[in-house]
Student: 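Take this structure, written in structure tokens, and hold onto it; I'll ask about it next.
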Amino acid sequence: MSALADDIRALSRSITLPWGEEGDILSLDHVLDLSRRHGVSGRIVEIKALRLGIRPLRYLRNQQSLSPEDQARLLESAVAMVGLGGLGGTLLEVLLRAGAGIIRCADGDRFEESNLNRQTLSTPAGLGRSKTDMARERAEALNPSVDFEAENAYLTSRSLPDFLSGCRVAVDALGGLSHRLELQRAAAGAGIPMVTGALAGFSGYVGVVLPGDTGPADIMGRDNAAEESLGCPSPSVTCIAALMAAEIIRLSIGHPSPLAGKMLVADLQAMSFETVAIA
Amino acid sequence: MGIELKCFATLAKFLPENWDDYPVEPGETIRSLIRRLGMPEESVTLMFVNSVRVDLDAEIKEGDRVGLFPPVGGG
């Protein structure tokens, strides 16, 4: 048995779990301590603990919705997300809390005042700062166990393949329609599924595009999008990001998505949700 | 009985009051419906009938659930 496993066992403690069983847990402080002592990421400590049947306390309320093995696989998985604006900021928050192990992000933009209505990473004090810097600070503050990488750049069809390399899921959290098709094609080229979403006013959609399938980017065109007049209110952004996050987590674990080849079309004015077959 | 109609984002302003029972004529297509509603044809990019994407020439009949969606890309 490895020294790390012995140390995890020694620092774990038994509690009554929320659903009544007895179980062993490992607290955040001990994960950080073991990560430093053994020179590994916190997520490596957490994965090891889960495989020993010991639950990291910070993820306890994910279970029994995510089994210990699901949680371990999520911590092993890499997500590549393009865009750290409205959708990307909320997605980052959810993925960090859920325990997505490796998060790679890209955005070349800086925060401006008109972002404050919806972009989770934007604050009055952070105006003018790069979105990747603010994202890195949030990641370190919220879940230092996660391996976080950020590229302060707008990616192109030339740089996307490297960015997606080694990742299990691509995430289209871009604003506007002009670059979404490039990302969809790059994800297909990398052979990985892409989770996409967009909104305007009270309406939006979420899709899961498997390599080679038709996706929303094939349908929506590249310009004249409705958000230019209707804007992006916070409830719509947060709702679409939450739906995307559910599929990113599911695919990261390795489960198939019920949204593959479909779009979930939502309207918060009519409170209507409908799943449409598009592939 | 007519169709049940949903119009999204910038198309919501074209939604008729009788959207939940909107009359259709024999041979009605998505294209003729869009024209009747007064929408510019290029403003509709995703059309679906009974939860399946269709094209402008798809026929629609009484009892169908029809959705019309414009280009949307905000994040």
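The figures that follow rest on heavy atoms only: side chains count, while hydrogens, waters and symmetry mates do not. Residue numbering restarts at 1 for every chain, and letters A, B, ... go by the order of the sequence lines. Predicted model only: the values in this text are computed from it and were never measured.
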Student: Sub-4.5 Å heavy-atom contacts with chain A: which residues of residues 7-16 of chain B show up?
Tutor: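 Expected list: Phe8(B), Ala9(B), Thr10(B).
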Student: Measuring only between side-chain heavy atoms, which start at C-beta, is Asp223(A) closer than 4.5 Å to Pro71(B)?
Tutor: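 No, side chains not in contact.
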Student: Using non-hydrogen atoms and a 4.5 Å limit, figure out which bit of Asp172(A) sits close to chain B: side chain, backbone, both or neither.
Tutor: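 Neither part.
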Student: Shorter than 4.5 Å, heavy atoms on both sides: which option in Ala226(A), Gly88(A), Gly89(A), Gly83(A) has the most such pairs with chain B?
Tutor: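 Of Ala226(A), Gly88(A), Gly89(A), Gly83(A), Ala226(A) has the most heavy-atom pairs under 4.5 Å with chain B.
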Student: Enter the distance from Lys6(B):NZ to Glu274(A):CD here, rounded to the nearest 0.5 Å.
Tutor: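 One gets 4.0 Å once the value is rounded to the nearest 0.5 Å.
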Student: If you count heavy-atom pairs within less than 4.5 Å of chain B, which of Gly86(A), Gly85(A), Cys232(A), Gly176(A) leads?
Tutor: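 Most heavy-atom pairs within the cutoff with chain B belong to Gly176(A).
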Student: Looking at Leu174(A), Leu199(A), Asp267(A), which makes the most heavy-atom pairs under 4.5 Å with chain B?
Tutor: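 Counting heavy-atom pairs under 4.5 Å, the top option is Leu199(A).
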Student: To the nearest 0.5 Å, what is the distance between CZ (Phe69(B)) and CD1 (Ile219(A))?
Tutor: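 Here the interatomic distance stands at 10.5 Å.
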Student: Other residues, nucleotides and ligands only: do more than 12 of their heavy atoms fall within 6.0 Å of CD on Glu41(B)?
Tutor: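 Counting neighbours around CD of Glu41(B), more than 12 heavy atoms of other residues, nucleotides or ligands fall under 6.0 Å, so yes.
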Student: Test your reading of the model: is there a side-chain donor-acceptor pair from Arg180(A) to the backbone of Gly73(B), 3.5 Å cut-off?
Tutor: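 Side chain of Arg180(A) to backbone of Gly73(B), a donor-acceptor pair under 3.5 Å: yes, one is there.
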Student: Under 4.5 Å, counting heavy-atom pairs only, tell me which of Ala225(A), Ala266(A), Gly231(A), Ser229(A) racks up the most with chain B.
Tutor: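 Between Ala225(A), Ala266(A), Gly231(A), Ser229(A), the count favours Ala225(A).
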Student: Using a 4.5 angstrom heavy-atom cutoff, name the option from Ile240(A), Val265(A), Thr196(A), Thr90(A) with the most pairs to chain B.
Tutor: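 The residue among Ile240(A), Val265(A), Thr196(A), Thr90(A) with the greatest pair count is Val265(A).
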Student: Under a 4.5 Å heavy-atom cut-off, does chain B meet the side chain of Thr275(A), its backbone, both or neither?
Tutor: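 Thr275(A) touches chain B through backbone heavy atoms alone.
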Student: Side-chain contact, heavy-atom cut-off 4.5 Å: Leu46(B) with Tyr205(A)?
Tutor: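 A side-chain contact under 4.5 Å is absent here.
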Student: Can you tell which part of Leu230(A) gets under 4.5 Å to a heavy atom of chain B, answering side chain, backbone, both or neither?
Tutor: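 Side chain only.
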Student: Roughly how far apart are Asp218(A) CG and Thr45(B) OG1, rounded to 0.5 Å?
Tutor: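 So the CG of Asp218(A) and the OG1 of Thr45(B) are separated by 10.5 Å.
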Student: Taking all non-hydrogen atoms of both residues into account, name the closest pair between Arg53(B) and Thr214(A) and its distance.
Tutor: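 What the structure gives for the nearest pair is NH1-CG2, 4.0 Å.
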Student: Measure Ala241(A) against the heavy atoms of chain B and call it side chain, backbone, both or neither at under 4.5 Å.
Tutor: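 When you check distances to chain B, no heavy atom of Ala241(A) falls under 4.5 Å.
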